[in-house]
Number of protein chains: 4
Amino acid sequence: MSTRPTSPALGARYDRRREEVVDEAARVFARHGYAETSVQQLAAGLGIAAGGIYHYFESKQGLLVAICETIMDPLLEQARELVAGPTPEAEQLRILVGLWVAQVIDRREHMLVFQQQRHVIDGSREWRAARTDRKAFEGLVDDVLARDEAAGRIVGDRRLALSALLGMVNHTAQWYRPRGALSAQQIADGYVELLRGG
Amino acid sequence: MSTRPTSPALGARYDRRREEVVDEAARVFARHGYAETSVQQLAAGLGIAAGGIYHYFESKQGLLVAICETIMDPLLEQARELVAGPTPEAEQLRILVGLWVAQVIDRREHMLVFQQQRHVIDGSREWRAARTDRKAFEGLVDDVLARDEAAGRIVGDRRLALSALLGMVNHTAQWYRPRGALSAQQIADGYVELLRGG
Amino acid sequence: MSTRPTSPALGARYDRRREEVVDEAARVFARHGYAETSVQQLAAGLGIAAGGIYHYFESKQGLLVAICETIMDPLLEQARELVAGPTPEAEQLRILVGLWVAQVIDRREHMLVFQQQRHVIDGSREWRAARTDRKAFEGLVDDVLARDEAAGRIVGDRRLALSALLGMVNHTAQWYRPRGALSAQQIADGYVELLRGG
Amino acid sequence: MSTRPTSPALGARYDRRREEVVDEAARVFARHGYAETSVQQLAAGLGIAAGGIYHYFESKQGLLVAICETIMDPLLEQARELVAGPTPEAEQLRILVGLWVAQVIDRREHMLVFQQQRHVIDGSREWRAARTDRKAFEGLVDDVLARDEAAGRIVGDRRLALSALLGMVNHTAQWYRPRGALSAQQIADGYVELLRGG
DNA sequence: TATGAATGAGCCTTCATTCAT
DNA sequence: CATGAATGAAGGCTCATTCAT
């Protein structure tokens, strides 16, 4: 029933295993689809019986929540630090998009699952927390863009630029391959260059 | 058993009804998810019994195929005409993206379903035709971009520009609302402006 | 709703077509199974739509009844004529088995369907007529055997001989092939020879 | 998912339960028909939920395979032992038919199911193994008959004798009732007596 | 007569989840 | 912690049958 052990040693082991389950789930959900993958198949991939999954998650949807948190939580934190920190405004966009692309690439499979299940996340009451986080992140990006726009560092309409940026960054998960030629920061710089007008 | 009647009058009736089914399916799948919507629910929305769907489609997946064809087929055709036609090269990108955005907006729900089920389409043998069409379209866009790049009309790396463009245009389906302030062509112009460097 | 036309010309046409349906049904049921063949498949084999079948039969089971009648009715009649007729007792068995084998061979497919659906025929109330006919036929054969036994023309126990005879004759439908080397009467003679002790 | 446990204790338990399912299925299918019996009904008869069946069999047809193997496997083995063993040739037929009739009687319901579904077994690719076994058994019987014929112990044509024997023995399943007057060997002796000419 | 369309009931199967061991 | 067994609900799909045209 998904109860974490209280002992510190066992607790750490539990956390490690739980993370393995999340990552394997992201991998297989990304490739085969969340709905199309049964808990039994998932468990088989992990070398355990289906019931075993329920020691770490109370439901299949709980797994989905965990996958999504894995992406949003650290990104939002990093973004907040950046904006609150000493980085010059003119460089915040580059760095913010850099962090973001790095996360999309690093958690590529988690991202794909998130995009695949977007209709669930956007639609139902229980996903309010995830939606709030996403809105918060988009708000941060928009703030940075707003200052860039005011300073004349942005091409065209800011609303459209924001949408375009969201589209291109998230889409990166679809085409990026681990042994690709470009680093996260190079990709991010390319995107920002478009917004800046070269 | 999904056999189109041979008589012209009945054939037309059949085609019309089939299209209604495809569109309703796109609507419901986009909102609630393909896997999360049962054929029964879908049929209920159409005011028919579940079995009735199978007069028009061999399977639930057949419906998905039809939804995807609805987007790709006309778009690919229009794009080919444009590239083969008399439009000056320097203006082809604007028009091509215009057509594309218009299609994404017009078939917004079909697009969302396509994106949602991308893992199925990209993964399995039976979807080769759909993949081929998509690759063909991307190839056309890439050709146009290549000429623009050669003529110095593009900011930054062309490969990245293509990926960015794919991301932003397709993402349009996620945020566009019918009574929005911008027309398809205005959105497209905004996107192209980014690639051109303002 | 399976109503035969009253006009003589149309009536004959109707009967002919109905017979065709029965025979085609026997053919395809024998090969693929009664339950495994849908009315639609059957109709497709006849070049008509599924609904068309219902002009000749009120239900799929009605077709099965017709198939079974096709075997039992003429056989029972012939058998009664033989037993009531002038044929010497000592030769009745040979002739009776000859008629029987001929029928099994001629209506091979109908027989196979009958054997396949035996559990339905033996089990339910509505098939009383068919069961009665079969019992009547077996009774006739038993009568003939009884006289042969009394006259010392039979090997072993008569009850067992009857069962054996039923088994071997009916089984003929399973192995007989149209262009076989033996005629119906030769096969029948072979069977009778076994009962007679050579 | 029909996976046998590896542990010996659980494995035995699994095998026992699986056999119970096969036998119950044979009982119900024989009486009501394979196609006419739903998995739900079958499961209800076993006191489990329908899904439970699928722990032991991959599909309803898998059950059918198991039923047929139950008859053929031990019979073929016994027959091979007999033919390879020290039994004098002149007595092999009696004993072989004895084994065979005993099996038909003992597995009466399984036999009836086999006969009922013969069209499926004879017709499709996936049943090759079952067909091969049956052919092998018939081949053994034919070998024994061939020697008997050569030694003048058989009445009439051997091919026809084989067909007749197959017919009468298999047909035994149709009429035999558990509390009948005759033992399996008595029935077998009666059949052999017919072939031998009394 | 025949057909295309539709229905409604039911079927086989899958699957998330539970629980005794 | 983990597993094998089982469940109950639901899902996709088939099919005999009806009926307006």
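Letters A, B, ... are given to chains in the order of the sequence lines, protein chains preceding strands, and every chain is numbered from 1.
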Side chain of D:Lys60 only, please: which of E:dC12, F:dT17, F:dG12 is the nearest? E:dC12
If pairs are Watson-Crick or G-U with both distances under 3.5 Å, what is the dot-bracket string of DNA chain E, marking crossing pairs with [ ] and pairs to another strand with |? .||||||||||||||||||||
Starting at atom CD of D:Glu36, determine the distance to atom C1' of E:dG10, rounded to an integer number of angstrom. 14 Å
What is the distance from CG of D:Leu42 to C1' of E:dC11, rounded to the nearest Å? 13 Å
With a cut-off of 6.0 Å (strictly less than), are more than 12 heavy atoms of other residues, nucleotides or ligands near CZ of C:Arg118? yes
From E:dT13, F:dT18, F:dC13, pick the nucleotide closest to the side chain of D:Tyr54? E:dT13
Looking at C:Tyr54, does the NZ or CZ of C:Lys60 lie under 6.0 angstrom from its six-membered ring centre and within 45 degrees of the ring axis? no
Ion pair present between B:Glu19 and B:Arg16, side-chain N to carboxylate O less than 4.0 angstrom? no
I'd like a table of atom pairs between the protein and nucleotides 4-8 of chain F - only N or O on both sides, under 3.5 Å - with the distance next to each one.
| residue | atom | partner | partner atom | Å |
| --- | --- | --- | --- | --- |
| F:dA6 | OP2 | D:Tyr56 | OH | 2.7 |
| F:dA6 | N7 | D:His55 | NE2 | 2.4 |
| F:dT7 | OP2 | D:Ala49 | N | 2.8 |

Please tell me whether B:Trp127 and B:Gln117 have a donor and an acceptor in their side chains that are separated by less than 3.5 angstrom. no
Rounding to a whole Å, what distance do you find between C:Arg16:CZ and E:dT1:C1'? 15 Å
Non-hydrogen side-chain atoms of A:Asp23 and A:Ile67 separated by less than 4.5 Å: no
side-chain contact (heavy atoms from CB on, under 4.5 Å) partner of A:Gln116, the single match among B:Gln115, B:His119, B:Gln116: B:His119
Return yes if some donor-acceptor pair links the side-chain N/O of B:Arg131 with the main-chain N/O of B:Ser124 below 3.5 Å, else return no. yes
Which whole-number value in Å describes the distance from A:Glu20 CD to F:dC1 P? 12 Å
Measure the distance from CD on D:Gln61 to C1' on E:dC11 and round it to the nearest whole Å. 15 Å
Name the orientation class of the two ring planes belonging to D:Phe29 and D:Tyr34 (parallel below 30°, tilted from 30 to 60°, perpendicular beyond 60°). perpendicular
If I take atom CZ in residue B:Phe29 and atom C1' in nucleotide F:dG11, what distance separates them, rounded to the nearest angstrom? 13 Å
Any salt bridge linking A:Asp122 with A:Arg134? Criterion: basic side-chain nitrogen under 4.0 Å from a carboxylate oxygen. yes
Heavy atoms only, 4.0 Å cut-off, all strands: where does B:Ser7 land among base, sugar-phosphate and nothing? nothing
Take C:Ser59 and B:Ser59, find for each the nucleotide of DNA chain F with the closest heavy atom, and name the residue whose nucleotide sits nearer the 5' end. B:Ser59
May I have the distance from A:Leu63 (atom CG) to E:dC15 (atom C1'), rounded to whole angstrom? 15 Å
